Amino acid sequence: MTGMIDAVAELIADLALVSPAQWLLRALGLLGTLGALWCAFPAGMFHGLAPTLASLLVLLLALVMAVAPDSDLGTGMPIVLVAGASLGTEPSWGRMVGTGLFLLLTHMAWAFAAVTPAHGRVSRGAALLMLRTVAVAVAASLVALGLVWLVTRLSLGGWAVPLGAAALIACFVALTPLDRSTGSSTATSRRP
Amino acid sequence: MTSSPSRRRAEETRAEGAPGSTGLPSDASTPPLPLRPTAALARAVLGGCVIVALALLFGRPSVMAAGVPLLAWAVMARARRARRSEESVPGPRLMTSAHTITEDATATVTFSSPRGTLTSVAVPLPPSTDVDPLRGAVVSEGTAAVSMTVHRWGRIDIGPAHVQVLDAYGAHRGQRGFAAMPLRVLPTASVLDAPTALPGPIGVSGVHLSSRRGDGTALADVREFRPGDRLARINWAVTSRTGRMHTNATFTEQDTDVLIVTDTTADVHPAPFAGPNAPSSLDLTVRATTAVARHYLSLGDRVGIHDLGGTIRPVRYGSGPRHLRVILDVLSRADRDRSVPISQRPLRGVRAGTLTVVCSPLLNDSVISQISQMLAIGADVIVVDTLPPSVGSVEHLTARDTSRAARRAERFWPEAWALRRLLREEVVQELREAGVPITPWEGPSSLAPVLLSLTRMRQAPRMRRA
């Protein structure tokens with residue numbers, strides 16, 4: 001019993017060392033996930049079998065990401081979410097735009113949480129730079145969403161499907177990182 | 001970074017003219033640092049493309065809207081990298097504000113990267129050091145700085161530091177490690193609040209007035225001229241008034257040898273309840289040595305150091321400000337964590353009249369015999385007790401919760417030290433009876449009463465021995 005209490009106390013003491021910036025970023029990631037689920041399943045996360053399974057899996061992956069924000073498991077989260085949302089009738093544009101923006105918020109929060117020290121302080125200059133980046137990314141997303149919406153309004157022929165697929169493959173090849181950075185992402189420091 | 005008032009007081013003081021201090025910040029340039037994509041970029045590209053592919057595959061254009069923001073983020077990150085040519089950035093540069101500082105002073109370690117990038121730094125926390133930011137880790141735009149206020153003298157290693165340079169999206173990063181850098185911390189040379197008079201000056205020149213008359217500057221008397229007196233000392237005013245030749249008589253000025261004997265045969269650590277920055281016996285020894293050396297060197301006396309434990313390199317007699325720097329340098333190089341067995345060094349340079357200040361916790365029998373030897377030679381011996389006050393404290397013994405402490409391994413630690421301190425009292429009493437004043441080191445005013453009493457004792461009439 002004493003050992004268990006010591007272990008819990010040690011865990012709490014370790015958590016107390018985590019910086020407020022990290023708590024904020026990881027909480028934003030979880031809140032963004034909940035927002036994306038809320039947009040994707042307007043009838044409720046646990047309304048029906050497919051939404052329930054998708055929501056549980058997404059929440060599990062979100063928890064994994066909250067603990068280890070640099071994990072590759074996070075890749076599956078938006079895919080599962082969108083797959084679950086599009087199983088029934090076609091979701092509305094508004095719902096999907098909301099889902100996409102919440103997923104973007106979640107993604108950026110975890111991206112920053114992964115590269116900043118868990119116990120470190122984020123200076124004002126760094127926080128402002130991050131906020132500027134978030135604003136630019138959201139603005140670029142809105143522009144891109146507008147363009148995509150306009151393109152889907154056009155009635156193109158069947159030739160557009162292979163063209164779109166080729167464009168997607170080209171985009172994937174161009175953006176895919178070939179030389180990934182590895183190593184400790186959340187460098188910490190402790191008193192020896 | 002904000003700074004507390006106490007930190008501001010101890011603002012980056014470089015030890016003036018300290019040996020080894022270049023007076024310039026160190027600047028270690030490093031080769032370019034390649035920025036590589038992070039897992040976040042891979043997640044965004046893969047997740048976004050799969051969602052858009054699903055939308056195309058199942059003919060549901062609205063689903064694309066969920067993947068487009070992730071792709072837009074990845075495109076922006078890649079575009080920024082291409083636009084700013086951030087395949088690699090100039091390597092982070094490391095600068096330290098000082099190589100040598102004094103106790104309680106602050107040194108700042110700065111890592112510089114190009115503006116528009118995020119610099120993340122993590123530095124391990126050295127012992128007895130306050131670090132700002134608290135955990136030694138910070139993320140800043142461009143330049144990141146970590147300040148360290150060191151509370152104990154000696155050599156500490158700053159680092160090894162881990163530095164990450166990131167683009168503003170967190171989509172690319174480069175990492176580099178920096179080897180630990182040594183920082184020398186000199187003991188604080190506090191100004192000793194002690195009299196300038198010496199119990200027994202033995203030199204023929206110096207700042208201390210002797211009771212003998214001879215060549216000097218301090219007027220002792222105006223007397224009639226005698227054959228052999230210097231013509232330059234004739235007092236013409238009195239001569240013309242009295243009509244007979246008068247001359248000024250002066251006191252001679254003297255200095256002395258001050259030998260500081262340090263006992264580093266054991267480094268007694270403070271009691272666990274004394275606090276994290278409580279000084280050990282070695283700390284007290286070094287601080288007392290620094291203060292005594294500074295005091296007598298400022299008076300123009302010759303000061304030497306002899307260490308009985310071999311931790312501190314011996315210093316020959318010398319005088320002047322340069323000699324103080326030599327002493328500070330030697331003291332700061334003392335090896336706190338020495339593992340080599342102690343071989344006691346024979347005492348040298350003591351003669352009758354030498355003022356000998358022994359800084360010791362008085363726990364080693366051989367040190368007591370060395371003190372007896374000094375007394376036998378005829379030296380004026382003062383002992384500065386450097387046993388930490390918390391060690392063997394009876395107050396803690398009665399106040400603590402024994403039921404809780406009994407479970408721990410160190411449950412009898414205070415009792416054992418209390419007994420050891422009681423045993424030591426016998427030695428202290430014997431030394432006092434032998435005429436050796438003993439005073440605990442409690443700061444710059446510790447030695448004043450002892451030195452005054454020694455001087456008075458010397459000047460008092462004494463009985464001739466049969």
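A note on names: the letters A, B, ... follow the listed sequences, proteins ahead of strands, and every chain is numbered from 1. Just so it is clear, the structure is predicted and the values come from calculations on it, not from any experiment.
A pairwise comparison of heavy atoms in Pro117(A) and Ala137(B) identifies CB-CB, 3.8 Å as the closest pair. Smallest separation of non-hydrogen atoms from Pro69(B) and Leu104(A): O-CD1, 3.6 Å. Between Gln164(B) and Val115(A) the shortest heavy-atom distance is NE2-O, 3.2 Å. Of all heavy-atom pairs between Val82(A) and Ala66(B), the closest is CG2-CB, 3.6 Å. Minimum heavy-atom separation, Ala168(B) to Thr133(A): O-OG1, 3.2 Å.
Between chain B and the options Val97(A), Thr152(A), Leu145(A), heavy-atom pairs under 4.5 Å are most frequent for Leu145(A). Of the listed residues (Ala21(A), Gly76(A), Pro91(A), Ala137(A)), the one with the most heavy-atom contacts under 4.5 Å to chain B is Pro91(A).
Both the backbone and the side chain of Phe172(A) come within contact range of chain B, judged by heavy atoms closer than 4.5 Å. With a threshold of 4.5 angstrom between heavy atoms, Ser86(A) approaches chain B through its backbone and through its side chain. Neither the backbone nor the side chain of Ser19(A) comes within contact range of chain B; no heavy atom of the residue lies under 4.5 Å from a heavy atom of that chain. Proximity to chain A is limited to the backbone of Thr117(B), based on heavy atoms less than 4.5 angstrom apart. Using a 4.5 Å cut-off between heavy atoms, Arg132(A) contacts chain B through its side chain alone, with no backbone atom that close. Heavy-atom distances place both the backbone and the side chain of Val75(B) under 4.5 Å from chain A. Of the atoms belonging to Ala174(A), it is backbone heavy atoms, and not side-chain ones, that fall under 4.5 Å from chain B. Contact of Val50(B) with chain A is made through the side chain alone, with heavy-atom distances under 4.5 Å.
Met64(B) contributes atom CE, which lies 5.5 Å from atom CH2 of Trp93(A) (distance to the nearest 0.5 angstrom). Distance check: Trp73(B) CH2 to His107(A) NE2 gives 3.5 Å after rounding to the nearest 0.5 Å. A distance of 8.5 Å separates CZ in Phe58(B) from CG in Leu87(A), rounded to the nearest 0.5 Å.
For the pair Trp110(A)/Arg43(B), a side-chain contact is recorded, criterion being any heavy-atom separation below 4.5 Å from C-beta on. The side-chain heavy atoms of Leu71(B) and Leu175(A), taken from C-beta on, include a pair separated by under 4.5 Å. Leu134(B) has its side chain out of reach of Arg121(A): every pair of non-hydrogen atoms, C-beta onward, lies at least 4.5 Å apart. For the pair Val139(B) and Phe112(A), the minimum side-chain heavy-atom distance is 4.5 Å or more.
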